[in-house]
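Take a look at the structure below.
Numbers here simply count residues along the sequence, with the first being 1.
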Amino acid sequence: MKNYIIILLSLMILWSCEDVLDKPPLDTITDKEITFSKKEMELYANKFYGNFPTHEGYWLGIFEMDNSSDNMVSGDYNYNAQLAGTIQVPGSGGGWDFSKVRSANFFLENYHKTEEELSTVSAYIGEMYFWRAWFYFDLVKTFGDVPWYSKTLTTESEELYAPRTPRNAVVDSILVDLDQAIALLPEKGQETEGRIYREIALLFQSRVALYEGTWEKYHNGTDFGVDNADWDKYFRKAAEAANQVITSGHFAIDKAGTSPSEHYWGLFNQEDYSNSQEIMLWKKWDLSLNLYHLASAFFGVSDKNTGISKSLVNSYLCTDGKPIAVSDLYLGDDLIDEELSNRDPRLAQTIFVRGDVRNISGTDTSFFSVPDLTLEARLRNTTGYQLAKGNNPTADRTSNQDITGSIIFRYAEVLLNYAEAKAELNECTQSVLDESVNLLRDRVDMPHLTVDPGFDEGVSKTFPQLSQLMNEIRRERRVELACEGYRFDDLMRWAAADIIQRPMLGAKIQQYADIKDEFRPVLVPEALFSKNGYIAPYENSPAKDGWQFNPNKNYLKPLPSNQLTLNPNLEQNPGY
């Protein structure tokens, strides 16, 4: 009898557990249970917001993302295997994942079942068109041609065995999705705080169209080009989308701080952007909700095994509006104070300068002296130029509970997209420059860019095949968006292999001449000196003379081998 009771109780517990496990989570909506009420749509859409890059994905937030570019020098030359030229064909994974596309498709395929008035839920429908565009754009940037799926598939669906759709056809579908999003989303001022709105979709549309236009133009005639390329169509779309944001009148360039020496740096270290005219979308952190990140553990303390490149530092103009190669104001780089003298103020607001406030804790203030080149490898600075952009000196470094806001979209990108698209269309007038690039220069009191920059086009041109005006627009983009995660995409779409393959250097070691000689070998090991006296983090690596990027294959990633087996109609990307 006793054994019978024990068995009965055990079965009752198992049945009880099964009942609980069968119930859907109370704070999320699954595909199985959703009825598309307004609240369910909101919860369904919420899960996609974690796909925006914030401090959650990187220790230094978006400011660490340029490790995958020539703007920053990771201590690991192989940090981005695609740039390093060491990427291998994966057996599976590798980014070939359509699960998020499927989630968006499920919503778009079924939201009509709702009993709500469509006008009350249109914003969530618009968000889902945005998210499908977001996921597909990432796939196109990664792989080029990809299958276009506009509905949910099963294991029996014939579409799973279809060949890849040409990239320009996929981009056209992305732009149509964004047109839908633009039509359905509320405009700025009418949105729910923290959610996507119409002008965000317009900004993203300008980004997508500009990317595809430049990709088709600068990869034309290569294995990465497209048949019947029509890049001007995309430049036109990019310019129109950006112009709609500009003429909306909702946005302007912020001037944080009290002077041009703070206007730019101060934009990136705020806890609340609610009143910003420039930050279009951001993530708020709140200690009362136990929401925080860990950036303060590294910003102003170490550089997380990275540093600003000499290449980026050299990109900043002198205060006469001329590049260092042709300006009489440039004092050279033997000392950091001289290197920063007479330069675009954004340079001194992007890297730490001796005497800069590093941390404020109560009544105690610490100041920056030299980069942390001597720290352990996972924390050290690699170049002698330490990142200051994004450092919030008042962040809590005791508990490492940082609530500095995470910037997701800002108006500056709109202005830069507009200027570049108009220049590609040969329609970049002085008026275009004055309502785009020159607004950014006004923030830091730099001379205006003119349609005729007015200086020698020789050694100052990073892209010799392009006009000086286009060079300056690209330079402005690099400087304004430095260390915000844009540079890798720019190098890919501009087909900039010659830039990628250049040696990655840091500061001249002469800048540390005032440090006692017995400490200098510890500060910067001799193995990291280049022959001309600059710190060379990759001196003892295969990237000594530049990344081994192969322009015949490394502009795209390879498809995983298991997908080629599962679907014989798929073809591998060139070179792999």
Side-chain angles (χ1 to χ4, degrees), residues 52-54 61-63 130 134 178 181-182 185-191 193-211 237-257 260 262-270 272-284 346 349-350 389-390 405-423 428 431-446 448-449 473-474 476-487 489-490:
F52 283 136
T54 68
I62 60 172
F63 308 102
F130 175 93
W134 178 272
L178 290 171
I182 291 162
L185 289 168
E187 69 173 312
K188 173 65 175 176
Q190 305 299 316
E191 82 283 9
E193 184 178 5
R195 303 197 76 90
I196 300 166
Y197 51 90
R198 182 179 303 162
E199 286 78 9
I200 296 294
L202 283 165
L203 182 160
F204 186 57
Q205 190 174 64
S206 75
R207 182 189 296 181
V208 173
L210 182 62
Y211 190 101
K237 188 70 169 180
E240 290 173 352
N243 190 51
Q244 285 188 62
V245 181
I246 293 170
T247 57
S248 72
H250 293 305
F251 308 99
I253 296 301
D254 287 349
K255 292 184 178 181
E262 298 177 343
H263 285 339
Y264 180 75
W265 170 81
L267 180 66
F268 302 99
N269 52 30
Q270 301 175 33
D272 192 329
Y273 290 101
S274 299
N275 296 320
S276 172
Q277 291 185 285
E278 180 171 353
I279 305 307
M280 297 174 65
L281 192 67
W282 63 289
K283 179 170 183 175
K284 181 178 177 62
R346 285 172 291 189
Q349 296 176 61
T350 299
K389 180 178 177 179
S406 297
I407 298 171
I408 299 172
F409 294 103
R410 68 183 181 103
Y411 184 51
E413 184 195 349
V414 175
L415 302 181
L416 292 163
N417 290 352
Y418 182 63
E420 185 178 347
K422 294 294 277 187
C428 189
S431 177
V432 168
L433 293 175
D434 289 342
E435 61 187 1
S436 58
V437 169
N438 289 331
L439 296 179
L440 302 174
R441 292 194 174 191
D442 284 343
R443 171 167 31 206
V444 290
D445 286 353
M446 278 292 289
H448 278 193
L449 176 62
I473 288 173
R474 289 188 178 187
E476 193 71 23
R477 183 180 182 87
R478 183 181 193 184
V479 165
E480 177 65 30
L481 300 179
C483 306
E484 295 181 49
Y486 293 87
R487 184 66 173 175
D489 284 352
D490 290 344

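Here the CG atom belonging to L281 is positioned 12.5 Å from the OH atom belonging to Y273, to the nearest 0.5 angstrom. Atom-to-atom distance recorded for E199:CD and S248:OG is 5.0 Å, nearest 0.5 angstrom. Atom NZ of K255 sits about 6.5 Å away from atom CG of D445, to the nearest 0.5 Å. R198 CZ to E187 CD: the interatomic distance, rounded to the nearest 0.5 Å, is 5.5 Å.
Looking at heavy atoms from C-beta onward, E413 lies out of side-chain contact with E484 at the 4.5 angstrom threshold. Residues C428 and L433 meet the side-chain proximity criterion, which asks for heavy atoms closer than 4.5 Å. Looking at L440 and M446, their side chains never come closer than 4.5 Å, going by heavy atoms from C-beta outward. You'll find the side chain of F130 stays beyond 4.5 Å of the side chain of I182, heavy atoms only. Side-chain contact check for R477 versus Y486: some heavy-atom pair is nearer than 4.5 Å. Side-chain contact check for R441 versus L449: some heavy-atom pair is nearer than 4.5 Å. Contact check for R207 versus N417: side-chain heavy atoms found under the 4.5 Å cut-off. Side-chain contact between D490 and L481: absent, with no pair of heavy atoms (C-beta onward) separated by less than 4.5 Å.
Residues passing the side-chain hydrogen bond (donor to acceptor under 3.5 Å, both in side chains) test with Y411: none are found, sequence neighbours excluded. Residues that satisfy the ring pair (Phe, Tyr, Trp, His ring centres under 6.0 Å) test with Y264, not counting sequence neighbours, are F268. For the side chain to side chain contact (heavy atoms under 4.5 Å, CB included) test, residues two or more places apart in sequence or in another chain that qualify with D434 are Q430, N438, H448.
Aromatic rings from F204 and F409 are positioned such that their centres are separated by 6.0 Å or more.
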- [ ] Show the numbers, then the answer: is there a side chain to side chain contact (heavy atoms under 4.5 Å, CB included) between I279 and L267?
- [x] CA-CA 9 Å; I279 305 307; L267 180 66; 4.0 Å; yes

Task: I246 vs Y418, side chain to side chain contact (heavy atoms under 4.5 Å, CB included): CA-CA, chis, key distance, verdict - done: CA-CA 9 Å; I246 293 170; Y418 182 63; 3.7 Å; yes

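Heavy atoms only, all atoms of each residue included: A238 and L210 are closest at CB-N, 3.7 Å. Taking all atoms of both residues into account, the shortest heavy-atom contact from K389 to R410 is NZ-NH2, 4.5 Å. The shortest heavy-atom contact between P53 and W134 is CD-CZ2, 4.2 Å. Across D272 and S274, no two heavy atoms sit closer than the pair OD1-OG, 2.5 Å. Nearest heavy-atom pair across L178 and A201 is CD2-O, 4.3 Å.
Salt bridge status for R443 with E480: present, with a side-chain N to carboxylate O gap under 4.0 Å. Taking a cutoff of 4.0 Å between a charged side-chain nitrogen and a carboxylate oxygen, E191 and K188 qualify as a salt bridge. Of the charged side-chain nitrogens involved, none lies within less than 4.0 Å of a carboxylate oxygen, so that E193 and K284 do not count as a salt-bridged pair.
M280 pairs in a side chain to side chain contact (heavy atoms under 4.5 Å, CB included) with only one of the listed residues (I407, I196, I200), which is I200.
The closest donor-acceptor contact from the side chain of D254 to the backbone of A256 lies at 3.5 Å or more, if one exists at all. Checking side-chain atoms of Q277 against main-chain N and O of A252 turns up no donor-acceptor pair under 3.5 Å.
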